[in-house]
Peer 1: 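Sharing a structure with you now.
Just so you know, residue 1 is the first one in the sequence shown, and it goes up from there.
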Amino acid sequence: MASAPVTLDPKTAHLQLIVSEDLTSVRYSDERQQLPDNPKRFEGQFVSVLGSEGFKSGTHCWDVEVGKNSLCCVGVMTESLHRKGDIMSMSGLWYVWHSNGTYGAWSPPQPSTPLTVKQKLQRIRVELDWDRGKLSFSDPDNNTHIHTFKHTFTERVFPYFYVGCKLSPLRMLPVRASVKVKQHSKR
């Protein structure tokens with residue numbers, strides 16, 4: 001399973017998003033940046049950015065620190081989904097969202113599914129098994145499953161991030177693997 005931290009593609013970043021120089025965090029700004037027009041760039045109300053590497057096979061995992069963010073989405077999006085119009089009316093997007101203490105899972109144009117989360121998430125782990133058609137989200141801090149989408153993927157998907165809050169940026173983190181070793185007593 002590939003578990004390198006995601007790097008962000010600044011060419012896709014909405015004009016109200018500021019991507020860090022090292023391409024591993026993104027924050028919201030009230031000011032629209034003056035940047036060249038790019039056909040890959042998100043426009044309109046979807047203050048989003050994609051990861052720079054897409055996946056068309058295999059198993060991939062990444063962690064996102066959401067911190068104090070009160071409005072954000074984390075998931076994946078197909079390469080062909082348009083970024084200029086109303087992306088919520090088309091299929092090709094799967095994510096979990098957080099808005100002021102409420103959580104949900106959504107794959108437009110289907111209705112959003114409310115999620116029960118016991119405590120505010122600080123990090124979200126995304127696990128994509130492209131070949132098996134499984135996209136899972138969990139809380140790596142307390143090893144709790146959040147939601148799983150099942151879908152037969154037919155094209156490249158990219159990590160997807162939406163940020164609508166200035167409290168804290170979304171940060172891409174390396175996945176910290178933990179291995180438990182069971183001790184056997186000698187007789």
Peer 1: Would you say Ile18 and Val47 are hydrophobically clustered, going by side-chain heavy atoms of ILVMFWY under 4.5 Å?
Peer 2: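 Different clusters: Ile18 never reaches Val47 through Ile, Leu, Val, Met, Phe, Trp or Tyr contacts under 4.5 Å.
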Peer 1: From Ser99 OG over to Leu71 CG, what is the distance, rounded to the nearest 0.5 angstrom?
Peer 2: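 The OG atom of Ser99 sits 5.0 Å away from the CG atom of Leu71.
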Peer 1: Any chance you could measure Glu43, atom CD, to Leu15, atom CG, to the nearest 0.5 Å?
Peer 2: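 The CD atom of Glu43 sits 7.0 Å away from the CG atom of Leu15.
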Peer 1: What pairs with Phe158 under ring pair (Phe, Tyr, Trp, His ring centres under 6.0 Å), at least two apart in sequence or on another chain?
Peer 2: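 Listed in chain order: nothing, the list is empty.
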Peer 1: May I ask you to decide if Glu31's main-chain N or O and Ser29's side chain share a donor-acceptor pair within less than 3.5 Å?
Peer 2: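 Side chain of Ser29 to backbone of Glu31, a donor-acceptor pair under 3.5 Å: yes, one is there.
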Peer 1: Only distances under 3.5 Å count here; give the side-chain donor-acceptor pairs of residues 105-114 to other protein atoms, sequence neighbours excluded, each with its distance to 0.1 Å.
Peer 2:
from: Trp106; atom 1: NE1; to: Gln110; atom 2: O; distance (Å): 2.3
from: Ser107; atom 1: OG; to: Leu93; atom 2: O; distance (Å): 3.1
from: Ser107; atom 1: OG; to: Trp94; atom 2: NE1; distance (Å): 3.0
from: Ser112; atom 1: OG; to: Trp97; atom 2: NE1; distance (Å): 2.8
from: Ser112; atom 1: OG; to: Ala105; atom 2: O; distance (Å): 3.4

Peer 1: Can you confirm whether Val96 sits close enough to Ile124 that some side-chain heavy atom of one is under 4.5 Å from a side-chain heavy atom of the other?
Peer 2: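 Yes, at least one pair of side-chain atoms sits under 4.5 Å.
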Peer 1: Let's go through Val26 and Val19 carefully: what are the C-alpha distance in whole Å and the side-chain angles of both, what is the deciding distance for side chain to side chain contact (heavy atoms under 4.5 Å, CB included) to 0.1 Å, and is it a yes or a no?
Peer 2: CA-CA 4 Å; Val26 59; Val19 176; 4.1 Å; yes
Peer 1: Name all residues meeting the side-chain hydrogen bond (donor to acceptor under 3.5 Å, both in side chains) criterion together with Asn100; count only those two or more places apart in sequence or in a different chain, and write none if there are none.
Peer 2: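 Per chain and number, Asn100 pairs via side-chain hydrogen bond (donor to acceptor under 3.5 Å, both in side chains) with no residue.
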Peer 1: How many angstroms lie between CG in Leu170 and SG in Cys72, if you round to the nearest 0.5 Å?
Peer 2: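 Leu170 CG to Cys72 SG: 5.5 Å, rounded to 0.5 Å.
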Peer 1: Are Met172 and Thr7 side-chain neighbours, meaning at least one heavy-atom pair lies under 4.5 Å?
Peer 2: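 Contact flag for Met172/Thr7 side chains = no.
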Peer 1: So which pairs with a foot in residues 13-27 pass side-chain hydrogen bond (donor to acceptor under 3.5 Å, both in side chains), sequence neighbours left out?
Peer 2: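 Found Gln16-Tyr28, Ser20-Asp22, Ser20-Ser25, Asp22-Thr24.
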Peer 1: Could you give the distance from OG1 (Thr116) to CD1 (Ile146), rounded to the nearest 0.5 Å?
Peer 2: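 Separation between the atoms: 11.5 Å.
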Peer 1: As a test of understanding, state which of Phe161, Phe137, Phe55 forms a ring pair (Phe, Tyr, Trp, His ring centres under 6.0 Å) with Trp62.
Peer 2: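 Passing option: Phe55.
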Peer 1: Can you name the residues that form a side-chain hydrogen bond (donor to acceptor under 3.5 Å, both in side chains) with Asp129, not counting sequence neighbours?
Peer 2: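 If we apply the side-chain hydrogen bond (donor to acceptor under 3.5 Å, both in side chains) test to Asp129, skipping adjacent residues, the hits are Arg132.
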Peer 1: Under the side-chain hydrogen bond (donor to acceptor under 3.5 Å, both in side chains) rule, what pairs show up with a residue in residues 156-165, not counting sequence neighbours?
Peer 2: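 Listed once each, the pairs are Ser48-Tyr160.
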Peer 1: Let me see the working for Asn142 and Gln119 under side chain to side chain contact (heavy atoms under 4.5 Å, CB included), right down to the final yes or no.
Peer 2: CA-CA 10 Å; Asn142 59 28; Gln119 62 189 43; 3.7 Å; yes
Peer 1: Less than 3.5 Å apart, any donor N or O on the side chain of Ser80 or Glu155 sitting next to an acceptor on the other?
Peer 2: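 Side chains of Ser80 and Glu155: pair found under 3.5 Å.
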Peer 1: Against Met77, only a single residue in Leu50, Thr12, Val157 fulfils side-chain contact (heavy atoms from CB on, under 4.5 Å); can you say which?
Peer 2: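 Of all the options given, the one that passes is Leu50.
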Peer 1: Roughly how far, to the nearest 0.5 Å, is the NE2 atom of His60 from the CG atom of Leu135?
Peer 2: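 Going from the CG atom of Leu135 to the NE2 atom of His60 covers 11.5 Å.
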Peer 1: Would you please indicate if the ring centroids of Tyr103 and His98 are separated by under 6.0 Å?
Peer 2: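 Ring-ring flag for Tyr103/His98: true, centres closer than 6.0 Å.
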Peer 1: Going by an N to O cut-off under 4.0 Å, is there a salt bridge joining Asp139 and Arg125?
Peer 2: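 Result for this pair is no, no salt bridge flagged.
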